[in-house]
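What follows is one structure encoded as C-alpha cells, with my remarks underneath.
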Amino acid sequence: MTETKQQYGDPMTYPIWEAAARYELLIQHCKVCGHYQFYPRPFCLNCDSDQLEWKRVSGDATVYSKTTVHLKIAPEFDPPYVVALVELDEGPRMLCNIEGGAAEIGDRVKLAWREREDAPPLPIWMPA
Amino acid sequence: MNDWEKNPVYIVGAAETALGAVPDQTTYSMFSLAAHEALDEAGLNVKDVDGIFTNYMGEEGTVQVGEYLGILAPRYVDSTDIGGAAYEAHVHHAMMAIANGRCEVAIVGYASRQRSERARSMTMRQSELTLTAQFESPYGLPMPIGHYAMIAARHMHEYGTTSEQLAEIAVAARQWAQLNPKAWKRDPMTAEDVLASRVICDPLRRLDCCLITDGGGVIVLTNKERARDANKKPIRVLGAGESHTRWNISQGPSLTTTAAKVSGEQAFGMAGVTPADVDFVQPYDSFTITVLTALEDLGFCEKGEGGAFVSGGRLAPGGDLPAMTSGGGLSYNHPGALGVLLLIETVRQLRGEAGERQLADPKIGVAHGVGGLLSTAATVVMTND
Ligand SMILES: [Zn+2]
C-alpha cells in the first residue's frame, strides 16, 4: 500500500519545507553570480540567470531589527514574544521569533526549530 | 511643454464624509453625500462626472460607487490599490487623464465604517499558502503595527532616533487637533503622556498609533475651463508621484528608506518646486515613525536627521513646517485609509478656510499618502497661485 503524503508549501517552496522536516535550512544560490536569495524564485534577482541551486546553510545570522509584541492578536500567540528580522551570513533576511534568551539588533543568533502539529518544523532563532 | 502644463488640472471640490462614529450610514451613502457636497463646491453635478477613482469600496469599487451614484457610463475608472496612499496616486492618474482629455470631471474618494464595524484585523492569516502565510504569518507580527515597530527599531539603531523624538510628532498632531472641532481626540497631551502610554510593539506605544474611526471623503478634479464654474477657489495640482517598495518585510535592501524617496522626487520634479518652497505638509501619520521617515525621504531633512528635525515643535502650531494640520490620523480621524483626508486638509488650508488652525497665507502644500506595511507612497503638490 502506498501512502500519499501531502506536500507542504507551494511548488517553489516544497524543497524548503521538505528540508525543514530534517531540520535543515535551504536557500537558493545562483550558480552564475553567487547570489543567495530568499524566498525562492525561478530566476536570480541579482543577475537574472535561471541557474539556481539549493544550498543548505548553517542559519548563522545577525539580528537586523526586532520588536517585542505585547498585543494578543490570536489564540496561538502568547505575548510578550519577540519577532525579529535576521540577516543570514549569506545575505538574505528572514522574519522569525527569537526564543531562549534576549538578543538586540546587531547580536549574533543561531538557528533553532519549532515543532508544529499541522506543518513542518518552523525555523526560529536563538542567541548564539 | 507637457500635457499637464498646457492643460492644468484643479481640485474644485473637497468634502469629508461624516467622521468619528457613524452608526446611521453605509459606506456608500457616506461616499455619495460627500460626493454631492464636493460637486456643489465645484458648481458641478453628479451627471458631469465621467471619471471615478476609488479604493477599498468593495470588489470592483469604481463599479459599485458608480452604480450607487448613478454614474453608469464613466469614461475613465481606476481602483488602484496601494493602500492608504491610493488617493494621492488617484490624483496623479486623474491629473494625467484630465490633461489628456480622457475625462473632464473626476471624483476621488473613499468611505469606511471600520470603527462601527470593528472590521480591522490585526493578523494576516491567509486561506492559502501564500509566501506571507508560509514565512511571515507564523511568527505573529501584528499587522500593520509590528512592521512599523521593526522599522522604528531599525531607525533608532541606525540613526539614534529616540522615543522622545517620535513623541514630539504625536504631540504636534494633538496640538493641531485641539484647533479642529472635527477632531476625535482634543484633550491636552504631552510627550510624557505618549512615553507613559502602553507599549504595544516596542518601541511603539499606544499614543504612537493612529486612531480607528469611521470616515472618508471625496474630492473633485477638473480642467481649467470647467474650474471656472467652481464656487470656491480652485486649487491647482502642480505635481504628483507614486511608488512602492516591498510587501514581505524580509524583502528589499532597507527598512528605513521608503517609497517616498521616489514619489517625492517625481512629484517635486513635476511641480518644479523643492521641499524648501513648501509652506506645509500633510504626511500620512498612521504611526509616528511614518511621519519621520516621510519627512526624510521627501527631502525636508537629510536621512537619519528626522528625529532632530521634528524636535522643538517644528511640526506643531507656530512651527517652521506645519504638518498634520487637521490633527492627522493620530488625533483627528483615521478611517482605515487616511489618504483622501490629507488631500482635503491641504485644499482647505490653501483656500484659507481652515478656521482656527488656518495657516498664514500658505501658497504651496503637500499631501503625502503612505500605505501597506510602509510599502507604498504617493505625493501630491498643490498651489493656490
Ligand atoms: Zn545570479
Side-chain angles (χ1 to χ4, degrees), chain A residues 6-14 16-17 20 27 37-41 45-46 62-88 91-99 104-107 114 116 118-125, chain B residues 120-126 128-161 163 197-206 208-209 246-256 287 289 293 373-374:
Chain A
Q6 178 129 35
Q7 282 181 300
Y8 183 85
D10 65 50
M12 287 303 300
T13 65
Y14 290 148
I16 289 180
W17 295 113
I27 57 173
Q37 68 185 15
F38 176 84
Y39 44 86
R41 296 160 167 97
L45 275 177
N46 186 54
T62 304
V63 178
Y64 187 78
S65 193
K66 60 154 245 193
T67 183
T68 304
V69 177
H70 296 271
L71 185 70
K72 181 84 175 169
I73 60 167
E76 64 268 35
F77 298 113
D78 273 320
Y81 54 93
V82 174
V83 183
L85 197 55
V86 296
E87 191 165 278
L88 299 174
R93 292 185 202 135
M94 295 179 74
L95 195 67
C96 66
N97 296 125
I98 291 182
E99 295 181 358
E104 299 303 319
I105 296 176
D107 286 355
R114 179 191 300 150
R116 295 187 288 180
D118 51 353
L122 184 69
I124 60 171
W125 270 260
Chain B
R120 189 132 193 163
S121 166
M122 296 293 284
T123 58
M124 206 147 106
R125 270 185 283 180
Q126 318 269 342
E128 60 183 57
L129 276 176
T130 61
L131 289 163
T132 305
Q134 291 177 62
F135 297 114
E136 301 213 339
S137 309
Y139 301 106
L141 188 62
M143 173 57 195
I145 181 175
H147 294 252
Y148 287 81
M150 298 242 277
I151 290 161
R154 184 69 198 179
H155 202 283
M156 289 176 169
H157 176 79
E158 286 180 24
Y159 304 114
T161 307
S163 292
S197 65
R198 193 164 59 87
V199 174
I200 299 192
C201 288
D202 83 305
L204 297 183
R205 296 171 166 81
R206 174 69 198 89
D208 287 297
C209 305
R246 43 139 239 288
W247 183 249
N248 292 288
I249 197 162
S250 65
Q251 305 297 303
S254 170
L255 273 191
T256 52
F287 300 95
I289 186 66
T293 52
L373 307 166
L374 232 175

Nearest heavy-atom approach of A149(B) to T67(A) is CB-OG1, 3.5 Å

With rounding to the nearest 0.5 Å, note down the distance linking CD1 in I105(A) to CD in E158(B).
-> 8.5 Å

Under 3.5 Å: donor-acceptor pair, side chain of S65(A), backbone of M150(B) | yes

Is it the backbone or the side chain of P123(A) that comes under 4.5 Å from a heavy atom of chain B, or both, or neither?
-> both

Could you go through the side chain to side chain contact (heavy atoms under 4.5 Å, CB included) check for R154(B) and L85(A) one step at a time?
-> CA-CA 10 Å; R154(B) 184 69 198 179; L85(A) 197 55; over 6 Å; no

Residue list, ring pair (Phe, Tyr, Trp, His ring centres under 6.0 Å) with Y39(A), at least two apart or on another chain = none

Among C201(B), G140(B), P138(B), who wins on heavy-atom pairs under 4.5 Å with chain A?
-> G140(B)

Can you find a pair of side-chain heavy atoms, one from T13(A) and one from L131(B), that are under 4.5 Å apart?
-> yes

So what's closer than 4.5 Å to chain B heavy atoms on Y81(A): side chain, backbone, both or neither?
-> side chain

All salt bridge (Lys or Arg N to Asp or Glu O under 4.0 Å) counterparts of R114(A), not counting sequence neighbours = E99(A)

May I ask you to decide if the ring planes of W17(A) and F135(B) are parallel, tilted or perpendicular, using 30° and 60° as cut-offs?
-> parallel

Supply the atom-to-atom distance S250(B) OG to M94(A) CE, rounded to the nearest 0.5 angstrom.
-> 8.0 Å

Side-chain contact, heavy-atom cut-off 4.5 Å: I73(A) with L141(B)?
-> no

Rounded to the nearest 0.5 Å, how far apart are CG of D202(B) and OG1 of T68(A)?
-> 4.0 Å

Hey, does L129(B) have a side-chain heavy atom less than 4.5 Å from the side chain of D10(A)?
-> no

Would you find a donor on one side and an acceptor on the other, under 3.5 Å apart, between the side chain of Q251(B) and the backbone of F38(A)?
-> yes

For chain B, the option from V69(A), L95(A), V83(A), I16(A) that forms the most heavy-atom pairs under 4.5 Å = L95(A)

Cut-off 4.5 Å, heavy atoms of chain B, and the answer for A84(A) is backbone

